Amino acid sequence: MDKPKSPEIVFSGVKNSLPKLNTNPNSGTKIHSPFFQTSALKKRKPPSLMSLCLGIIGGHFEDIIEDLTEIAANFSSTMKMALVAIARRRRLLNDDVIVALADSSWQILDLSGSEVSDFGLSQVVKTCKYLQAVDISRCSKLTSVSVSELLQNCRSLEILRWGGCPRSENTARRCFTLLKPTLEHVEGDSWEELDTLEIARGATSLRWLLWPKVEKDQLEILSEECPRIIVNPKPSPLGYRGLDVPREARLDVSLDDPIVEDIDPKTWAVSGFVPKTSPSSVSSTADLPVAEKFRLAFLERDTRLAPKRAKNARQHQRRAEKEWVMMNSSAKALALASLASKSLNIRN
């Protein structure tokens with residue numbers, strides 16, 4: 001009979017289950033990794049212990065944000081990435097969260113629709129230099145400053161998503177020229193004499209750009225000056241231009257879906273997260289009865305206010321417990337004894 005695995009082995013297996021992306025610069029646009037492949041739907045399995053724990057932590061994420069830097073020091077790279085995905089879905093992803101959780105081994109980063117600003121992204125790209133797929137769409141606080149640092153620091157970036165809201169579209173237009181290769185301070189009479197570093201001034205590794213509202217003239221410039229960059233690819237059974245379109249280069253899926261596929265969606269349902277859907281699957285509510293519209297509006301408002309009600313309930317419970325400890329003499333004695341014990345252990 002096989003011996004049951006120890007918790008250390010189980011957690012080590014989960015930690016090492018994150019697929020490694022192909023970092024070979026000579027491999028072209030084919031990325032041989034489960035993260036970058038379109039495969040059949042997997043059969044649902046019971047959630048792992050790690051996923052259950054992450055679901056509990058994610059359900060109370062707002063309570064640990066202040067101490068997240070100290071807490072995250074004991075988390076693996078996979079756990080940190082999952083917490084970022086949960087925070088994004090709960091509308092809690094900001095500079096403090098992403099800086100506290102950033103890990104140097106990350107190869108994908110999804111900040112879409114978050115409150116991350118230039119400061120947060122600039123700090124992250126200094127740590128995560130091996131990113132291959134990044135989503136900064138609908139990030140209204142990001143400007144060309146941090147996007148430029150992203151392209152300069154992450155030299156393995158192959159998939160980039162941006163645009164999606166007015167401010168993000170404006171940032172994309174401002175950063176458009178950064179995608180084109182340029183030559184600066186070049187000396188020599190022929191291309192053979194140029195140093196590789198002198199050519200690599202643009203997004204030389206970028207292969208897939210997801211920009212739904214790209215303008216026609218910008219698309220033409222990219223096709224002429226950056227023919228290796230494929231904009232808004234549409235997957236087909238035969239591939240795109242003879243290439244397999246990675247899952248992360250599809251407009252109808254979220255970049256970080258595989259990271260949280262084993263975690264209970266109820267973890268972020270309290271924040272009213274709506275997953276991405278393809279344009280064809282979006283139904284119109286114009287023909288709904290008035291009563292149904294009122295019901296949907298009420299549910300949307302109730303879902304939006306659910307996190308605040310839950311937080312108030314937890315604060316009320318903690319306040320009641322504190323008052324009970326102060327009123328009950330035996331409970332107060334136990335609390336003081338516990339503090340004294342901790343103080344002695346620290347001194348020893």
Side-chain angles (χ1 to χ4, degrees), residues 11 14-15 17-21 35 48 50-142 146 150 153-154 157 159-162 164 247-248 253-276 307:
F11 279 86
V14 175
K15 177 181 178 181
S17 63
L18 184 65
K20 297 293 184 181
L21 303 187
F35 263 145
S48 64
M50 178 71 74
S51 298
L52 294 175
C53 294
L54 287 172
I56 295 175
I57 296 174
H60 301 82
F61 197 89
E62 63 272 20
D63 296 328
I64 66 172
I65 290 180
E66 294 182 0
D67 304 313
L68 190 57
T69 302
E70 292 77 13
I71 297 174
N74 300 314
F75 290 167
S76 66
S77 171
T78 308
M79 295 175 65
K80 293 178 182 179
M81 191 179 296
L83 288 177
V84 170
I86 293 174
R88 186 181 73 81
R89 285 161 168 77
R90 295 203 59 187
R91 306 291 189 263
L92 297 173
L93 186 56
N94 54 25
D95 289 346
D96 295 335
V97 172
I98 194 62
V99 172
L101 294 174
D103 192 279
S104 59
S105 65
W106 285 357
Q107 294 181 329
I108 69 171
L109 179 65
D110 193 338
L111 304 178
S112 57
S114 69
E115 296 295 317
V116 175
S117 68
D118 284 341
F119 172 78
L121 182 57
S122 299
Q123 294 297 316
V124 169
V125 297
K126 292 177 182 178
T127 302
C128 311
K129 296 185 178 181
Y130 303 103
L131 294 173
Q132 294 192 17
V134 174
D135 190 343
I136 54 174
S137 59
R138 308 189 313 282
C139 292
S140 58
K141 294 186 177 181
L142 294 180
S146 58
L150 169 66
N153 287 275
C154 302
L157 185 65
I159 300 174
L160 177 62
R161 300 179 175 202
W162 63 15
R247 192 201 70 86
E248 284 70 18
V253 296
S254 296
L255 190 62
D256 57 4
D257 276 346
I259 303 170
V260 294
E261 62 180 357
D262 196 29
I263 299 177
D264 189 356
K266 293 180 181 178
T267 301
W268 53 81
V270 293
S271 291
F273 175 77
V274 180
K276 287 184 178 180

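Predicted model only: the values in this text are computed from it and were never measured.
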Check: D95 side chain, S117 main-chain N or O, donor-acceptor pair, under 3.5 Å: yes
Backbone of A85 reached by a side-chain donor or acceptor of R90 within 3.5 Å: no
Going through the checks in order, is the side chain to side chain contact (heavy atoms under 4.5 Å, CB included) test met by D262 and S48? CA-CA 8 Å; D262 196 29; S48 64; 3.5 Å; yes
Give, for atom [atom1] of [X] and atom [atom2] of [Y], the distance between the pair rounded to the nearest 0.5 Å.
{"X": "L111", "Y": "W162", "atom1": "CG", "atom2": "CH2", "result": "14.5 Å"}
{"X": "I159", "Y": "L131", "atom1": "CD1", "atom2": "CG", "result": "12.0 Å"}
{"X": "S104", "Y": "K126", "atom1": "OG", "atom2": "NZ", "result": "16.0 Å"}
{"X": "L92", "Y": "N94", "atom1": "CG", "atom2": "CG", "result": "7.5 Å"}
{"X": "R88", "Y": "L255", "atom1": "CZ", "atom2": "CG", "result": "8.5 Å"}

Test item: [X] and [Y] side chains (from C-beta on) under 4.5 Å apart, heavy atoms:
{"X": "T267", "Y": "V260", "value": "no"}
{"X": "I263", "Y": "I86", "value": "yes"}
{"X": "V97", "Y": "L68", "value": "yes"}
{"X": "I98", "Y": "L109", "value": "yes"}
{"X": "I108", "Y": "I259", "value": "yes"}

Contact summary for [X] and [Y], nearest pair of heavy atoms:
{"X": "R89", "Y": "S254", "result": "NH2-CB, 4.4 Å"}
{"X": "S146", "Y": "S122", "result": "CB-OG, 3.8 Å"}
{"X": "C128", "Y": "C154", "result": "O-SG, 3.4 Å"}
{"X": "L157", "Y": "A133", "result": "CD1-N, 4.0 Å"}
{"X": "F75", "Y": "I57", "result": "CZ-CD1, 4.2 Å"}

Of L101, T127, T78, which is the lone residue that meets side chain to side chain contact (heavy atoms under 4.5 Å, CB included) with W106? L101
Is there a side chain to side chain contact (heavy atoms under 4.5 Å, CB included) between V134 and V125 once you walk through the steps? CA-CA 11 Å; V134 174; V125 297; over 6 Å; no
Hey, is CD on E70 packed in by over 12 heavy atoms from elsewhere, all under 6.0 Å? yes
For D103, what residues pass the salt bridge (charged side-chain N to carboxylate O under 4.0 Å, His left out) criterion, not counting sequence neighbours? K80
The salt bridge (charged side-chain N to carboxylate O under 4.0 Å, His left out) partners of D264 (sequence neighbours excluded) come to none
Carefully, step by step, assess D110 and R161 under the rule salt bridge (charged side-chain N to carboxylate O under 4.0 Å, His left out). CA-CA 9 Å; D110 193 338; R161 300 179 175 202; 5.7 Å; no
Between L142 and L121, is a side chain to side chain contact (heavy atoms under 4.5 Å, CB included) present by the stated rule, with each step listed? CA-CA 8 Å; L142 294 180; L121 182 57; 4.0 Å; yes
